[in-house]
Number of protein chains: 2
Amino acid sequence: MIQADIFRALADPTRRAVFERLASGEMSVSALKARFAVSQPAISQHLAMLKAAGLVAERREGRFSYYRVAPEGLAPLVDWVDRYRAFWPERIDRLKDVLKGLEP
Amino acid sequence: MIQADIFRALADPTRRAVFERLASGEMSVSALKARFAVSQPAISQHLAMLKAAGLVAERREGRFSYYRVAPEGLAPLVDWVDRYRAFWPERIDRLKDVLKGLEP
DNA sequence: AGAATACATAAGCGGGTACTTATGCGATTC
DNA sequence: GAATCGCATAAGTACCCGCTTATGTATTCT
């Protein structure tokens, strides 16, 4: 919910990968677990942290828990990034082009 | 230099604050130290990590070391954020308006 | 009702992290 | 040249983090 929580939640590679995986669509915990080389509790813990940061939302259905990305949760991060993009737009965008292999 | 390093470098509140402080202009280590309630080695360690992540650059002048933001270092983060902004532009931007107290 | 499933929580462990004080090293000042 | 300054690095410490196994709690199946 706070900016600091968002940065910390996305700092861990596995947790960030979980978030990115959910970006492709809603998924149950067990379905997520099948995609990663960690235990089910580890997945649940990552999801709890992402949820606390406002980055994902949960939907219960019987004994299943379906998680999905909460796009609004990224707004504080988008906002933070935009502050610096506004400062140095040309330099950042130019490097982005380079990273994408584009020639000016 | 790698995306993971950037997220981790910005995850710590103090280190992120150091980066944000440098965004207002180049500054020596001692000048930075005066702004934070931590020791000089702590500042140097944060700067070393930000530098390793490509987020700041250093300029030596005599016994002074001046640090400044390296805007291109933010490109991978900007790129990551843009991927999700492209997914859900309206939802993110709408919340950003709400956060800024704007009415549609 | 009992077994099995889906998930969360508890407890514990090893490694990492952010800080401190102590020390080293080059540059400046006296 | 000796002392001082600006900064980096070393070493140590307390805490945090991500992971594991073990256990608990609903829900579903037979």
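Here the structure is a predicted model, which means the values were calculated and not measured. Chain letters run A, B, ... following the sequence lines, proteins first and then strands; every chain starts at 1.
For residues 9-34 of chain B, proximity to DNA chain D is found at B/Ser28, B/Val29, B/Ser30, defined as any non-hydrogen atom under 4.0 angstrom from a strand atom. The stretch residues 38-49 of chain A comes close to DNA chain D through A/Val38, A/Ser39, A/Pro41, A/Ala42, A/Gln45, A/His46, A/Met49, each having a heavy atom under 4.0 Å from the strand. Using a 4.0 Å cutoff on non-hydrogen atoms, the parts of residues 56-67 of chain B near DNA chain D are B/Glu58, B/Arg60, B/Arg63, B/Phe64, B/Ser65, B/Tyr67, ordered by number.
In this structure, the side chains of B/Ile6 and B/Leu55 come closer than 4.5 Å at one or more pairs of heavy atoms.
In this structure, B/Phe64 belongs to a hydrophobic cluster whose other members, linked by side-chain heavy atoms under 4.5 Å apart, are B/Tyr66.
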Only pairs under 3.5 Å count here: list side-chain donor-acceptor contacts from residues 8-18 of chain B, not counting sequence neighbours, and write none if there are none.
{"from": "B/Asp12", "atom 1": "OD2", "to": "B/Thr14", "atom 2": "N", "distance (Å)": "3.3"}
{"from": "B/Asp12", "atom 1": "OD2", "to": "B/Arg15", "atom 2": "N", "distance (Å)": "3.0"}
{"from": "B/Arg15", "atom 1": "NE", "to": "B/Ala9", "atom 2": "O", "distance (Å)": "2.8"}
{"from": "B/Arg15", "atom 1": "NH1", "to": "B/His46", "atom 2": "ND1", "distance (Å)": "3.2"}
{"from": "B/Arg15", "atom 1": "NH2", "to": "B/Arg8", "atom 2": "O", "distance (Å)": "3.3"}
{"from": "B/Arg16", "atom 1": "NH1", "to": "B/Leu10", "atom 2": "O", "distance (Å)": "2.6"}

Donor-acceptor pairs under 3.5 angstrom involving side-chain atoms of residues 35-42 of chain B: please list them, not counting sequence neighbours.
{"from": "B/Ser39", "atom 1": "OG", "to": "B/Ala42", "atom 2": "N", "distance (Å)": "3.4"}
{"from": "B/Gln40", "atom 1": "NE2", "to": "B/Ser44", "atom 2": "OG", "distance (Å)": "3.1"}

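Ion pairing between a basic and an acidic side chain is recognised when a charged N comes within 4.0 Å of a carboxylate O; B/Arg83 and A/Glu20 show such pairing.
In summary, the aromatic rings of B/Phe19 and A/Tyr84 are positioned with their centroids under 6.0 Å apart.
Atoms CZ (A/Phe36) and P (D/dT20) sit 13 Å apart, rounded to a whole Å. Remark: P of C/dA8 and CG of A/Leu50 are 12 Å apart, rounded to the nearest angstrom.
To the nearest 0.5 angstrom, B/Ser65 atom OG is 14.0 Å from B/Met27 atom CE. Here CG of A/Asp82 is found 9.5 Å from CG of A/Leu77. Values are rounded to the nearest 0.5 Å.
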task = Show your reasoning for whether side-chain contact (heavy atoms from CB on, under 4.5 Å) applies to A/Tyr67 and A/Glu26.
result = CA-CA 6 Å; A/Tyr67 283 84; A/Glu26 192 181 60; over 6 Å; no
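Tracing side-chain contacts under 4.5 Å through hydrophobic residues (I, L, V, M, F, W, Y), one never reaches A/Leu74 starting from A/Met49; they form parts of separate clusters.
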